[in-house]
Every structure is written in C-alpha cells, then in structure tokens.
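Chain A is the first sequence line, chain B the second, and so forth, proteins listed ahead of strands; every chain is numbered from 1.
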Amino acid sequence: MLKRTHLCGSLRTSHVGQEVIVSGWVNTYRDQGKGLIFCDLRDREGLVQIVFNLEEVPEDVIAASRGLRREYVVSIRGLVRPRAGGANPKLATGEIEIVACEVELHNASEPPPISIDEYDAVKTNEEMRLRYRYIDLRRPRMQEILRTRSHITKLARDYFQANGFLEIETPLLIKTTPEGARDFIVPSRLHEGSWYALPQSPQLFKQILMVAGCDRYLQICKCLRDEDPRADRQAEFTQIDLEMSFVEREEVMEMMTGFVRLLWSELFKYDIGEVARITYADSMERYGIDRPDTRYGLEIRDVSSIAAKTEFAVFKDALALDRRGKPGVVKAIRVPAPCEKLTRKVLDGYSDFAKGFKAGGIPFTKLGANGFETGVAKFMEPVKAELIEALGLVQGDVVLFAADHWDIATKVLGELRQKVAQDLGIVPAGRWNFVWVVDFPMFEYDEEGKRWVALHHPFTSPNPGQFGILETDPGACLSAGYDLVLNGSEVAGGSIRIHNTHVQDRVFDLIGLSKEEAAMKFGFLLDALKYGAPPHGGIAFGLDRLVMHIVGTDNIRDVIAFPKTQSGMDLMIGAPGPADQSQLDEVHVKSTVEAPAIG
RNA sequence: GGGGUGGUAGCUCAAUUGGUUAGAGUACCGGCUUGUCACGCCGGUGGUUGCGGGUUCGAUUCCCGUCCGCCUCGCCA
C-alpha cells in the first residue's frame with residue numbers, strides 16, 4: 001500500500017518540487033479529453049487537485065485515472081508543482097497541484113445517495129443526511145465542526161486540569177429520581193422487577209465527590225432526559241460538568257468566566273471583556289426572560305402608573321387583576337424609529353403572536369409629528385407627556401404594550417422583544433454578549449400543583465444571609481444559583497449547593513417531599529452530608545449549545561456526530577428497534593403493546 | 001399529547017380546475033473534449049408520486065387512516 005506522506009489539504013507552495021503520497025476520496029473528476037484529466041482528492045484537511053497528463057505520465061496511469069469516480073478511495077503518488085493553468089483562489093491548496101505518477105485504488109464506491117459538495121449538500125434533506133451520516137460527515141463543514149468540538153473539549157480539559165480539577169467518571173446506570181425530567185429506564189436482569197435509570201446529570205455524584213475530598217471535579221459526560229427534542233435540544237446531550245469545594249459563588253463564576261474567556265480568545269482571538277451581571281428580578285423586568293439577549297435595546301418598562309390614568313378599558317381591566325396578591329400590570333417596549341417595517345399588518349400580527357402566550361393582544365401606538373397616531377393613540381393622548389418622558393420617545397417611535405397579569409405581560413413582551421429585533425433586523429452580527437444571571441428565587445409557586453417547586457434543583461443553596469427567609473418566606477428566598485447566558489441563550493447553569501442536612505431537609509419539606517420519600521430517593525446524599533460535607537458548588541456547560549454558538553448553527557444535530565431526530569430515532573442504525581422475546585424474558589419485561597413491524 | 005409544514009427519478013424540485021406518455025436540473029451510463037476547478041458539448045437509462053383504504057370513467061391532485069422528516073406548544077428540577 002502506498003504510505004501517505006501528506007494530507008491533501010495541507011499542501012502549499014512550500015511543498016513544490018517534493019514527491020508526495022496522498023490518500024483520500026475522489027471529490028470530483030474532470031476529464032478534458034484523451035490526455036488530460038483532473039481529479040480533486042479530498043481528506044479531512046481539504047482538497048488538492050491531481051492532474052493526469054499524457055505528456056508527462058504513462059498511458060496506463062491515465063487509463064487507471066479514467067476509472068475513478070466520485071467517492072472512490074485512492075492513494076496517489078506524484079510531484080507537487082505550481083498550477084500550470086493558473087491558481088484557484090477558492091482552495092487553500094489552489095496554488096499547487098500534484099502530477100500523478102502512480103495510483104492505487106483501495107475501494108470503489110457506489111454513486112453516493114447524497115452529495116458531499118457543500119453547494120448541493122445545503123439543500124439535501126436532513127433525513128437523508130442522517131441516514132447516510134458517514135457520507136454527510138465527509139463534508140468540509142461537518143469536519144470543521146467535529147474538529148472545533150474536539151478543540152473545545154481539549155481546551156476545557158487543559159484549562160480545568162491546570163486549575164486543579166480531576167476528571168472523574170460517574171455511573172450511567174443509576175436510579176430514578178423524583179422531580180426533574182422524565183428518566184430513561186433500564187430493566188435489571190439480576191434484580192427482577194427493578195430498574196436502573198440513566199442519569200439526567202451527574203449532579204448528586206459530583207456533590208458526593210466533594211464530600212469524598214476530591215476538591216475539584218471535571219467530567220465531559222452524556223446526560224439523558226426522556227423529553228421531546230427541539231432545534232437546540234436532544235434527549236441525549238453532553239455537559240462539561242464541574243464542581244468545586246470550599247468556594248462561594250464569586251469564585252465559581254470567576255473560574256468559569258476564565259474558561260469562556262480562554263475559549264473565545266483561542267478560537268476567535270476575541271476578548272469577551274468583563275462579563276456583565278444581572279439579577280433574575282432585573283432580567284425579568286427589563287427583558288421579560290431569565291436569559292436576556294443584551295445585543296440590542298428594546299427594553300421593557302413598567303408603565304402601570306401612567307396607564308392607570310387613561311380611559312383605556314384593556315389597561316384598566318388588566319390593572320384590576322389580582323393573582324395571589326400580585327396586581328396586574330401594563331408594560332411597554334419603545335421601538336426606536338425608523339419603524340417602517342412595523343406596518344399595520346405586522347403590528348396586528350403581534351397580537352396573534354401574543355395570544356399564543358394567553359395574552360389578549362398587543363395594543364400599540366406611534367408618536368407622530370402631532371402626537372400619537374394609530375392604534376390606541378386616542379387613549380394615550382391625555383398622558384402623552386408622561387409616556388414620552390417615561391419611555392424617552394422621539395418622533396417616529398412605536399410603542400408596544402402588554403396589559404395582563406405580571407407573569408403573562410412579562411413573558412409576552414420578553415418573547416415579542418426578540419421577534420421585533422428579528423423583524424427589524426437589528427440583532428448585530430459578530431457580537432458575543434455574555435451575562436451572568438444571579439439571585440434566582442429558590443422556589444416558584446406551581447399554580448396547578450399548588451406547591452413550591454425548586455427553580456433550579458433542590459440541592460441549590462440559598463444565598464448567604466437568606467437562610468432565615470427560607471424559614472419565614474420561602475417565596476422571597478434567593479438562591480445561590482447562577483446562569484451564564486450568551487446572546488440570549490443559556491450556555492451554563494449552576495449553583496452553590498446545600499452542604500447542611502438541616503437546610504436540605506427544609507428544602508425537601510418545602511417542595512413537598514416527605515422525609516420518607518427523601519430518605520428513599522436521596523438517602524445517600526443526606527447521609528453523605530452528615531459525614532463532613534465541605535461547602536461546595538459547581539456548574540455545567542451545555543457543550544452542544546456552546547459548540548452551536550461557536551460554529552454558528554442553530555441546529556443541534558449539526559454539532560453531534562450521530563444525532564437523533566425529533567422522534568428520538570437514529571435513522572442510520574434504525575434505533576430504537578425491537579428486542580427478541582428471549583432478551584425481554586431475561587430482564588423480566590413484558591411489553592403492553594405489539595412490537596411494530598420491522599422495516 | 002396538541003398545532004403547523006413537508007414526503008414525486010439516486011438527489012433537489014415542478015406538474016394549471018381531478019384529465020393525453022408525471023417533467024427539469026443534477027447524479028449515473030455512453031460518446032466527444034489537453035488547463036479544468038459547480039468544467040463544457042451531444043445522447044441515453046432512470047418513477048410502487050411515503051404506505052393503506054375511499055370517492056371518481058379517471059387521483060401526484062379530493063377525503064379518511066397511518067408512517068417518516070422539520071418547526072413549535074406542552075414538556076425539558
């Protein structure tokens with residue numbers, strides 16, 4: 001076998017004059033006639049042009065080259081020289097070519113069912129790409145993503161290990177937990193009728209590693225949650241999971257900021273600067289969401305006191321609302337001029353959008369040369385001066401309102417804010433806005449279940465100084481949780497953990513987990529906390545989402561080598577699939593449904 | 001589980017109100033072509049219109065069911 005000396009994509013003018021051997025796949029093949037054939041050979045690093053020229057090589061080599069087709073696998077020995085026909089600026093290797101003098105065919109290929117050319121491939125159905133993933137992954141774009149992902153995990157390991165983190169593996173076969181996402185469960189063969197669960201995250205194990213004195217822990221691990229996928233979410237995903245002992249939240253946030261600073265510096269030569277902080281309460285008020293996109297304005301303002309002075313029934317009704325003692329509100333977004341794209345039709349469309357969030361609609365108006373125009377203008381005229389003052393309006397600005405319960409008005413404008421930014425095209429490209437969101441509430445009241453639920457997870461500690469409030473007014477208690485948000489997307493989330501049994505008991509109590517239940521489900525953690533648990537805290541980065549930002553895709557399947565579809569299928573291997581009856585018998589499982597036909 | 005959208009040649013798509021032999025580009029096959037690089041020119045092969053049923057003289061087209069992809073709500077501590 002011809003032994004490769006260089007990678008196709010690595011050859012440059014500095015190699016001119018060298019005899020090289022390259023191996024790879026035939027990308028394209030251009031037959032110019034009896035004595036001149038071009039062939040682009042592709043490997044992981046890129047393309048290089050091979051030329052077969054009758055004036056320079058024997059006829060048998062030309063004949064061999066004539067049999068080459070797309071995706072044939074070959075090794076080629078030849079001489080690197082400057083391109084005789086002029087450089088191709090589109091290729092990194094565009095200044096040179098290889099004059100072939102020997103060809104070894106390793107394997108032929110049937111015509112590929114999907115194209116590797118980026119030009120065609122962007123149009124190819126994702127279904128086909130997933131079914132023939134081994135061909136799809138040959139595309140330069142996919143190779144680039146795989147490589148970037150590998151680079152990111154290397155940087156993570158290097159950075160955290162240099163900072164004293166130990167990489168430790170935790171088990172995949174664990175047990176089901178109450179709370180949280182639906183578990184994937186695995187039947188036990190040795191224990192009839194018992195089941196393992198696959199981990200939603202290594203949360204409890206990493207805390208126990210801190211109790212075990214490991215001090216700092218790192219793992220790049222798969223997490224599994226049996227919930228419906230989305231464009232940015234898979235049931236099976238990867239976290240960069242971290243935990244530190246003897247730290248407060250400042251130290252965790254600083255360590256993690258250092259990591260993303262390193263990533264952006266290494267990958268983009270970009271300085272992320274000081275990472276801004278915002279409290280959860282502030283973020284909800286100003287951005288209507290707990291993961292604010294700060295790349296553009298359109299901040300939300302509360303105009304309830306001004307709205308109260310109008311005769312607009314929608315506002316009056318909203319302000320009269322009450323939910324658990326919390327009055328309704330009127331909130332507004334100022335959309336700065338020019339707003340030509342916000343036509344009457346678009347603005348009316350926002351009301352339909354709002355109805356999707358159980359809101360009544362989106363009242364709007366516009367400040368013209370002679371006061372408010374269109375929409376709810378006539379109701380706003382009496383409070384014109386105040387509204388202009390409160391929102392800082394100038395001529396041409398559009399104002400969008402939401403009047404409802406606080407949570408609905410907040411959510412609607414939070415979502416609408418993002419939509420308007422898209423519609424107006426004011427989201428700047430090439431910006432990386434990181435924000436730490438802090439001071440989350442410990443609990444959220446679940447109206448349906450009529451109980452408190454942990455906003456983060458039930459092992460999250462209250463903030464220092466909040467322990468008393470935990471006893472007296474749990475709804476007001478702030479947690480030591482923190483989320484790292486990038487351009488409006490959560491890329492990491494974590495917290496300082498409870499390291500005290502009594503506090504942990506209290507939290508379980510508040511979320512309605514009985515002592516017996518807590519002991520059964522989390523007894524091992526409660527036990528561990530009794531035997532000398534250090535103060536500790538940590539975080540987990542969503543690796544897939546991080547890679548998505550870095551490579552610039554909004555499709556999580558692009559950053560996973562072998563992803564699943566929206567229905568949780570692996571189209572390449574055909575999973576999930578039936579199991580033999582004997583296998584089911586061994587694990588003591590009887591299906592309640594007929595297995596679907598194979599195929 | 002709900003809503004939306006799509007499934008036609010290997011691939012990407014078209015097909016008028018339900019009407020003649022379901023077309024185009026590309027790929028593939030054959031021929032031509034000595035500086036191409038999304039090579040070019042000529043010719044050709046290629047179809048269970050996702051699957052099953054129904055309405056009709058006639059269904060890619062209309063109806064019902066079902067499977068699959070994508071987006072989304074619920075869900076995702």
Side-chain angles (χ1 to χ4, degrees), chain A residues 27-41 47-56 62 69-71 83-91 93-94 97 99 109-132 135-136 177-183 200-201 203-204 223-235 237 353 355-358 415 440 442-444 446 448 452-460 479 481 490 493 495 507-508 511 513 521-522 542 554-555 557 564-569 571 574 596-597 599:
Chain A
N27 194 63
T28 50
Y29 175 87
R30 295 180 293 277
D31 185 348
Q32 300 302 123
K34 291 214 158 39
L36 182 68
I37 292 160
F38 297 101
C39 159
D40 290 341
L41 198 65
L47 294 177
V48 67
Q49 174 167 284
I50 313 290
V51 58
F52 300 90
N53 192 333
L54 189 55
E55 290 165 5
E56 298 170 275
I62 297 286
R69 291 295 179 272
R70 277 162 199 259
E71 301 312 308
R83 291 231 181 159
N88 180 355
K90 290 183 204 161
L91 290 182
T93 61
E97 65 189 8
V99 190
S109 169
E110 292 188 11
I114 60 173
S115 174
I116 287 86
D117 275 358
E118 299 287 343
Y119 175 80
D120 297 320
V122 292
K123 296 188 300 187
T124 303
N125 267 332
E126 209 175 348
E127 193 173 348
M128 294 297 292
R129 292 178 49 202
L130 294 176
R131 197 176 304 279
Y132 298 97
I135 299 175
D136 188 50
T177 50
E179 309 273 315
R182 189 179 296 116
D183 286 316
Q200 297 179 26
S201 82
Q203 181 61 36
L204 298 174
C223 301
L224 300 116
R225 299 177 186 176
D226 191 3
E227 302 291 352
D228 287 6
R230 285 288 185 281
D232 63 348
R233 213 168 77 192
Q234 289 255 305
F237 64 100
F353 179 77
K355 282 166 191 161
F357 302 95
K358 294 176 185 162
E415 297 290 332
F440 289 85
M442 282 286 288
F443 308 101
E444 220 174 14
D446 175 19
E448 283 179 25
W452 295 105
V453 293
L455 194 72
H456 192 53
H457 58 54
F459 318 108
T460 298
S479 83
E490 183 194 329
S495 63
V507 169
F508 283 154
I511 62 173
L513 201 63
K521 300 292 186 183
F522 302 117
D554 52 11
N555 180 350
R557 294 176 297 277
K564 292 185 170 56
T565 67
Q566 288 243 342
S567 67
M569 293 184 69
L571 296 177

Chemist: Roughly how far, to the nearest 0.5 Å, is the CZ atom of A/Phe237 from the NZ atom of A/Lys564?
Modeler: 13.0 Å
Chemist: Can you name the residues that form a salt bridge (charged side-chain N to carboxylate O under 4.0 Å, His left out) with A/Arg225, not counting sequence neighbours?
Modeler: none
Chemist: So, for A/Arg557 and A/Leu130, which heavy atoms are closest and what is the spacing to 0.1 Å?
Modeler: CD-CD1, 4.3 Å
Chemist: Restricting to nitrogen or oxygen on both sides, can you table the protein-nucleotides 22-27 of chain B pairs closer than 3.5 Å?
Modeler:
| from | atom 1 | to | atom 2 | distance (Å) |
| --- | --- | --- | --- | --- |
| B/rA27 | O3' | A/Arg70 | NE | 3.4 |

Chemist: Can you check the distance between B/rC37 and B/rU49, where both ends of the measurement are the C1' atom (answer in whole Å)?
Modeler: 37 Å
Chemist: Using the C1' atom as the point on both nucleotides, what is the distance between B/rA59 and B/rG18, in whole Å?
Modeler: 7 Å
Chemist: Using Watson-Crick or G-U wobble geometry with both distances under 3.5 Å, which nucleotide pairs with B/rC57?
Modeler: B/rG19
Chemist: Could you tell me how far apart A/Asp136 (CG) and B/rG10 (P) are, to the nearest whole angstrom?
Modeler: 20 Å
Chemist: Classify the side chain of A/Arg69 versus the base of B/rC29 as yes if they form a donor-acceptor pair under 3.5 Å and no if they do not.
Modeler: no
Chemist: If you assign A/Val51 and A/Gln203 each to the RNA chain B nucleotide with the nearest heavy atom, which residue ends up on the more 5' nucleotide?
Modeler: A/Val51
Chemist: Which nucleotide wins on minimum distance to the side chain of A/Leu130, given the candidates B/rU72, B/rC70, B/rU33?
Modeler: B/rC70
Chemist: Within this structure, what is the CZ-to-P distance between A/Phe38 and B/rU33, rounded to whole angstrom?
Modeler: 16 Å
Chemist: Contact class for A/Pro113 (heavy atom, under 4.0 Å): base, sugar-phosphate, or nothing?
Modeler: sugar-phosphate
Chemist: Please evaluate residues A/Gln200 and A/Asp183 with respect to the criterion side-chain hydrogen bond (donor to acceptor under 3.5 Å, both in side chains), reporting the C-alpha separation (whole Å), side-chain torsions for both, the decisive distance (0.1 Å), and the verdict.
Modeler: CA-CA 7 Å; A/Gln200 297 179 26; A/Asp183 286 316; 2.6 Å; yes
Chemist: For A/Glu415 and A/Thr565, find the nucleotide of RNA chain B closest to each by heavy atoms; which residue's nucleotide sits nearer the 5' end?
Modeler: A/Thr565
Chemist: Partners of A/Thr28 by side-chain hydrogen bond (donor to acceptor under 3.5 Å, both in side chains), sequence neighbours excluded?
Modeler: A/Arg30, A/Asp40
Chemist: Would you measure the distance from the C1' atom in B/rU33 across to the matching atom in B/rC71 and give it in whole Å?
Modeler: 48 Å
Chemist: Nearest-Å distance, CE (A/Met128) to C1' (B/rC68)?
Modeler: 13 Å
Chemist: Using atom CE of A/Met569 as one end and atom P of B/rG50 as the other, report the distance to the nearest whole Å.
Modeler: 19 Å
Chemist: side-chain contact (heavy atoms from CB on, under 4.5 Å) with A/Leu36: which of A/Val51, A/Ile62, A/Leu54?
Modeler: A/Val51
Chemist: Remember a base hit wins even if backbone is also touched, and classify A/Ile511 as base, sugar-phosphate or nothing at under 4.0 Å, heavy atoms.
Modeler: nothing
Chemist: So how far is it from A/His457 NE2 to A/Ser479 OG, rounded to the nearest 0.5 Å?
Modeler: 9.5 Å
Chemist: Applying a 4.0 Å non-hydrogen cut-off, can you work out what A/Ser567 is touching in the nucleic acid: base, sugar-phosphate, or nothing?
Modeler: sugar-phosphate
Chemist: Please tell me which of the listed nucleotides, B/rC39, B/rC37, B/rC76, lies nearest to the side chain of A/Glu227?
Modeler: B/rC76
Chemist: Extract from the structure each pairing of a protein N or O with an N or O of nucleotides 40-45 of chain B at less than 3.5 Å, listing the distance.
Modeler:
none

Chemist: For B/rC62 and B/rU17, measure between their P atoms and round to the nearest Å.
Modeler: 11 Å
Chemist: Taking the same atom, C1', in B/rA9 and in B/rA14, what whole-Å distance lies between them?
Modeler: 13 Å
Chemist: Just checking, is any N or O donor in the side chain of A/Glu71 or A/Asn27 under 3.5 Å from an acceptor N or O on the other one?
Modeler: no
Chemist: Output the rounded distance in Å from OH (A/Tyr29) to P (B/rU34).
Modeler: 13 Å
Chemist: Report the distance from atom CD1 of A/Ile116 to atom C1' of B/rG10, rounded to the nearest whole Å.
Modeler: 13 Å
Chemist: Parallel, tilted or perpendicular: which one describes the rings of A/Phe522 and A/Phe459, with boundaries at 30° and 60°?
Modeler: perpendicular
Chemist: Within 45 degrees of the ring normal and closer than 6.0 Å to the centroid, is that where the cationic atom of A/Arg69 sits relative to A/Tyr29?
Modeler: yes
Chemist: So which nucleotide from B/rC70, B/rU34, B/rC39 ends up closest to the side chain of A/Gln566?
Modeler: B/rC70
Chemist: Quick one: pull up CZ in A/Arg182 and CG in A/Leu224 and give me the separation to the nearest 0.5 Å.
Modeler: 14.0 Å
Chemist: Look at the side chain of A/Leu571 and decide which nucleotide, out of B/rG69, B/rC76, B/rU36, has an atom nearest to it.
Modeler: B/rG69
Chemist: Encode nucleotides 1-8 of chain B as B, S and - characters from 5' to 3', where the letter depends on protein heavy atoms closer than 4.0 Å: B to the base, S only to sugar-phosphate, - to neither.
Modeler: B-------
Chemist: Name the closest nucleotide to the A/Arg225 side chain, picking from B/rU36, B/rU34, B/rC76.
Modeler: B/rC76
Chemist: May I ask you to evaluate whether A/Arg557 reaches the phosphate of B/rC70, defined as a side-chain N or O under 4.0 Å from OP1 or OP2?
Modeler: yes
Chemist: Give none if B/rA9 has no partner; otherwise give the nucleotide forming a Watson-Crick or G-U wobble pair with it, both distances under 3.5 Å.
Modeler: none
Chemist: Look through every strand shown and name the nucleotide pairing with B/rC70 as Watson-Crick or G-U wobble, where both distances are under 3.5 Å.
Modeler: B/rG4
Chemist: Give one of base, sugar-phosphate or nothing for A/Ser495, where a contact means two heavy atoms less than 4.0 Å apart.
Modeler: nothing
Chemist: Is there a side-chain contact between A/Lys90 and the phosphate of B/rC37, meaning an N or O under 4.0 Å from OP1 or OP2?
Modeler: no
Chemist: Does any nucleotide pair with B/rU34 by Watson-Crick or G-U wobble geometry, both distances under 3.5 Å, and what is it?
Modeler: none
Chemist: Let's see if you can work this out: which of B/rC37, B/rC68, B/rG35 has an atom nearest to the side-chain heavy atoms of A/Glu97?
Modeler: B/rG35
Chemist: How many Å lie between CZ on A/Arg30 and P on B/rU36, as a whole number?
Modeler: 10 Å
Chemist: What is the base-pairing partner of B/rC29, counting Watson-Crick and G-U wobble geometry with both distances under 3.5 Å?
Modeler: B/rG43
Chemist: By salt bridge (charged side-chain N to carboxylate O under 4.0 Å, His left out), which residues pair with A/Glu415, not counting sequence neighbours?
Modeler: none
Chemist: Between B/rU60 and B/rU8, how many Å separate the two P atoms, rounded to a whole number?
Modeler: 14 Å
Chemist: Heavy atoms only, 4.0 Å cut-off, all strands: where does A/Gly86 land among base, sugar-phosphate and nothing?
Modeler: base
Chemist: Between A/Ile511 and A/Ala454, what is the shortest heavy-atom contact and its length?
Modeler: CG2-N, 3.9 Å
Chemist: Would you indicate what A/Arg131 reaches in the nucleic acid, counting non-hydrogen atoms under 4.0 angstrom: base, sugar-phosphate, or nothing?
Modeler: nothing
Chemist: Taking the P atom of each, how far is B/rC63 from B/rU5, in whole Å?
Modeler: 12 Å
Chemist: Within the structure shown, what part of the strands sits under 4.0 Å from A/Ala84 by heavy-atom distance: base, sugar-phosphate, or nothing?
Modeler: base
Chemist: When the C1' atoms of B/rC11 and B/rG2 are considered, how many whole Å apart are they?
Modeler: 34 Å
Chemist: Classify the nucleic acid contact of A/Gln200 as base, sugar-phosphate or nothing, counting any heavy atom under 4.0 Å across all strands shown.
Modeler: nothing
Chemist: To the nearest Å, how far apart are A/Gln32 CD and B/rC37 C1'?
Modeler: 9 Å
Chemist: Given that both distances must come in under 3.5 Å, which nucleotide forms a Watson-Crick or G-U wobble pair with B/rU49?
Modeler: none
